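Here's the structure, in structure tokens; my notes come after.
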There are 2 protein chains.
Amino acid sequence: MAQEYPQLLLNNQLCFPLYACSRKIVGSYTPFLKPLGLTYTQYLVLMVLWEHESMSVGQLGNILYLDAGTLTPLLKRLEKAGYVTRERSKDDERITIISITEAGNQLKEQCKDIPSKISAGSSALTREEAGELYRMLYVFLKEE
Amino acid sequence: MAQEYPQLLLNNQLCFPLYACSRKIVGSYTPFLKPLGLTYTQYLVLMVLWEHESMSVGQLGNILYLDAGTLTPLLKRLEKAGYVTRERSKDDERITIISITEAGNQLKEQCKDIPSKISAGSSALTREEAGELYRMLYVFLKEE
DNA sequence: TTCAATTATATTGCGCGCAATATATTTATG
DNA sequence: CATAAATATATTGCGCGCAATATAATTGAA
């Protein structure tokens with residue numbers, strides 16, 4: 001059947017390649033993360049904590065664009081694995097402070113070569129193009 | 001804590017903005033799709049069927065980069081809603097043929113203005129930039 | 001022709017991702 | 001000071017998304 005509404009064609013939408021691409025690239029981390037017992041989202045959380053050491057659930061959510069419904073159970077799994085601690089702030093009992101543990105910091109050593117292995121496979125874009133892509137994605141992210 | 005491995009900084013990775021961006025844009029469809037009782041992925045499936053009318057589960061998966069583990073339950077929900085039918089091929093009983101129904105085709109009328117409403121909110125990129133973004137995403141998608 | 005390999009879909013299990021709601025704490029207001 | 005509003009996190013429910021496994025049909029090779 002011919003499509004009388006060209007705007008409804010999959011190939012005319014920016015959203016679909018973005019969605020498919022995101023899943024594909026996130027999936028490309030699995031071979032490296034699964035042996036460590038990590039998911040991609042857990043890896044993102046750890047990257048933030050490797051940089052900042054300690055942070056509230058809400059701050060983590062602001063940085064990663066995730067809410068407590070996603071983060072709370074994920075953080076409990078990381079806690080159970082021994083990579084983070086969860087404790088209520090003394091100053092404000094509403095806030096839960098997440099901190100990286102010694103074991104969590106040691107994971108960094110096992111993860112430090114992952115980015116280069118990932119980007120090795122996706123050399124189809126030049127450095128400039130990748131930079132431009134990065135910039136455009138942040139235009140969307142920062143919007144409104 | 002300073003990060004001794006700059007490649008592990010969130011802001012140095014292309015994958016994260018892609019992942020966050022994808023979720024944000026997919027989420028922007030919700031206000032339009034939820035009143036119709038559809039999810040974004042169901043909407044993608046319907047877009048393919050509005051164009052092609054009838055197709056196997058495997059073909060749908062090839063187009064949308066999704067596997068039977070995702071598609072089978074999703075298609076059963078669309079069947080239950082009356083938007084598609086699922087029947088085994090006469091020629092090859094392994095194949096399940098998905099076909100759009102009358103009711104499924106009528107949904108097209110209610111969806112035809114969604115793309116313009118979505119892109120209206122994301123006018124931060126010029127037409128040329130959007131085209132360039134689209135092209136780069138497909139470079140990743142088609143890779144290997 | 002028989003049976004092993006291949007193909008197509010379905011099922012199971014688990015971790016998101018997010019909307020909606022609940023709970024507890026803090027802040028603001030009268 | 002009492003209490004209503006705001007804030008931060010937790011819980012619940014549901015639909016993906018995907019790996020792993022299962023099932024059934026078809027194809028291929030001896």
Side-chain angles (χ1 to χ4, degrees), chain A residues 16 19-46 55-62 64-81 83-98, chain B residues 16 19-46 55-62 64-81 84 86-98:
Chain A
F16 171 67
Y19 158 82
C21 221
S22 168
R23 285 187 296 116
K24 180 171 177 177
I25 297 187
V26 167
S28 71
Y29 281 80
T30 305
F32 306 105
L33 293 177
K34 192 165 190 184
L36 305 178
L38 294 175
T39 65
Y40 178 72
T41 314
Q42 291 169 10
Y43 169 71
L44 289 181
V45 167
L46 288 173
M55 183 174 286
S56 74
V57 172
Q59 288 175 302
L60 263 175
N62 284 337
L64 298 176
Y65 301 88
L66 292 169
D67 70 1
T70 299
L71 286 174
T72 298
L74 182 153
L75 291 168
K76 284 183 175 178
R77 280 186 282 272
L78 286 181
E79 183 187 37
K80 198 172 179 184
Y83 300 140
V84 306
T85 58
R86 300 168 61 246
E87 46 186 352
R88 291 287 172 172
S89 164
K90 295 288 182 298
D91 297 342
D92 185 338
E93 291 275 347
R94 293 171 302 182
I95 295 177
T96 298
I97 301 288
I98 308 301
Chain B
F16 171 67
Y19 158 81
C21 220
S22 168
R23 285 187 295 115
K24 179 171 177 177
I25 296 187
V26 167
S28 71
Y29 281 79
T30 305
F32 305 105
L33 293 177
K34 192 166 188 183
L36 304 177
L38 294 175
T39 66
Y40 178 73
T41 314
Q42 290 168 10
Y43 169 71
L44 288 181
V45 167
L46 289 173
M55 183 173 288
S56 75
V57 173
Q59 288 175 302
L60 263 175
N62 285 337
L64 298 176
Y65 302 88
L66 291 170
D67 69 2
T70 300
L71 285 173
T72 298
L74 182 153
L75 291 167
K76 283 183 175 178
R77 280 186 283 272
L78 286 180
E79 183 187 36
K80 198 172 178 183
V84 307
R86 300 167 61 246
E87 46 185 351
R88 291 286 172 172
S89 164
K90 297 286 184 298
D91 297 343
D92 185 338
E93 291 274 347
R94 293 171 302 181
I95 295 176
T96 299
I97 301 287
I98 309 300

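Chain A is the first sequence line, chain B the second, and so forth, proteins listed ahead of strands; every chain is numbered from 1. Everything quoted here is computed from the prediction, not taken from an experiment.
Here A:Asp92 pairs with A:Arg94 under the side chain to side chain donor-acceptor pair (under 3.5 Å) rule; sequence neighbours left out. Checked against side chain to side chain donor-acceptor pair (under 3.5 Å), A:Gln59 has the following partners two or more places apart in sequence or in another chain: A:Ser56. Not a single side chain to side chain donor-acceptor pair (under 3.5 Å) links B:Thr39 to another residue, sequence neighbours left out. For the side-chain contact (heavy atoms from CB on, under 4.5 Å) test, residues two or more places apart in sequence or in another chain that qualify with B:Glu93 are B:Arg88. Residues satisfying the salt bridge (Lys or Arg N to Asp or Glu O under 4.0 Å) criterion with A:Arg86, sequence neighbours excluded, are A:Glu79. Under the side chain to side chain donor-acceptor pair (under 3.5 Å) criterion, B:Ser28 pairs with no residue at all, not counting sequence neighbours. Residues forming a side-chain contact (heavy atoms from CB on, under 4.5 Å) with A:Tyr40 (at least two apart in sequence, or on another chain): A:Val26, A:Tyr29, A:Leu33, A:Tyr43, A:Leu44, B:Cys15, B:Phe16, B:Tyr19.
Taking the side chain as every heavy atom from C-beta outward, A:Ile97 and A:Met55 never approach each other to under 4.5 Å. Using a 4.5 Å heavy-atom cutoff, the side chains of A:Leu78 and A:Ile98 are not in contact. You'll find the side chain of A:Leu60 stays beyond 4.5 Å of the side chain of A:Leu66, heavy atoms only.
For the pair A:Ser22 and B:Ser22, the tightest heavy-atom approach, listed with the atom from each and the gap, is CB-CB, 3.6 Å.
Using a 4.0 Å cutoff on non-hydrogen atoms, the parts of residues 69-78 of chain A near DNA chain D are A:Gly69, A:Thr72, A:Lys76, ordered by number. Near DNA chain D, defined here as any heavy-atom distance below 4.0 Å, the residues from residues 34-41 of chain B are B:Thr39, B:Thr41, listed numerically. If you check residues 83-98 of chain A against DNA chain D, the residues with a heavy atom closer than 4.0 Å are A:Arg86, A:Arg88, A:Arg94, A:Ile95, A:Thr96, listed by number.
Residue contacts for B:Thr30: at a heavy-atom cut-off of 4.0 Å it reaches no nucleic acid atom on any strand shown.
A distance of 12.5 Å separates CD1 in A:Ile95 from CD in A:Glu87, rounded to the nearest 0.5 Å. Note that the CZ atom of B:Arg77 and the CG atom of B:Leu38 stand 12.0 Å from one another [nearest 0.5 Å].
Of the two residues near DNA chain D, A:Tyr19 and A:Ala68, the one whose nearest nucleotide lies more 5' is A:Ala68.
When atom types are taken as modelled, the side chain of B:Thr30 and the backbone of B:Gly27 share a donor-acceptor pair closer than 3.5 angstrom. In terms of modelled atom types and a separation under 3.5 Å, the side chain of A:Arg23 and the main chain of B:Tyr65 share a donor-acceptor contact.
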Each nucleotide N or O in nucleotides 3-5 of chain D that has a protein N or O under 3.5 Å away: list the pair and distance.
none

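The footprint of chain B on DNA chain C, defined by a heavy-atom cutoff below 4.0 Å, extends from C:dT7 to C:dA20.
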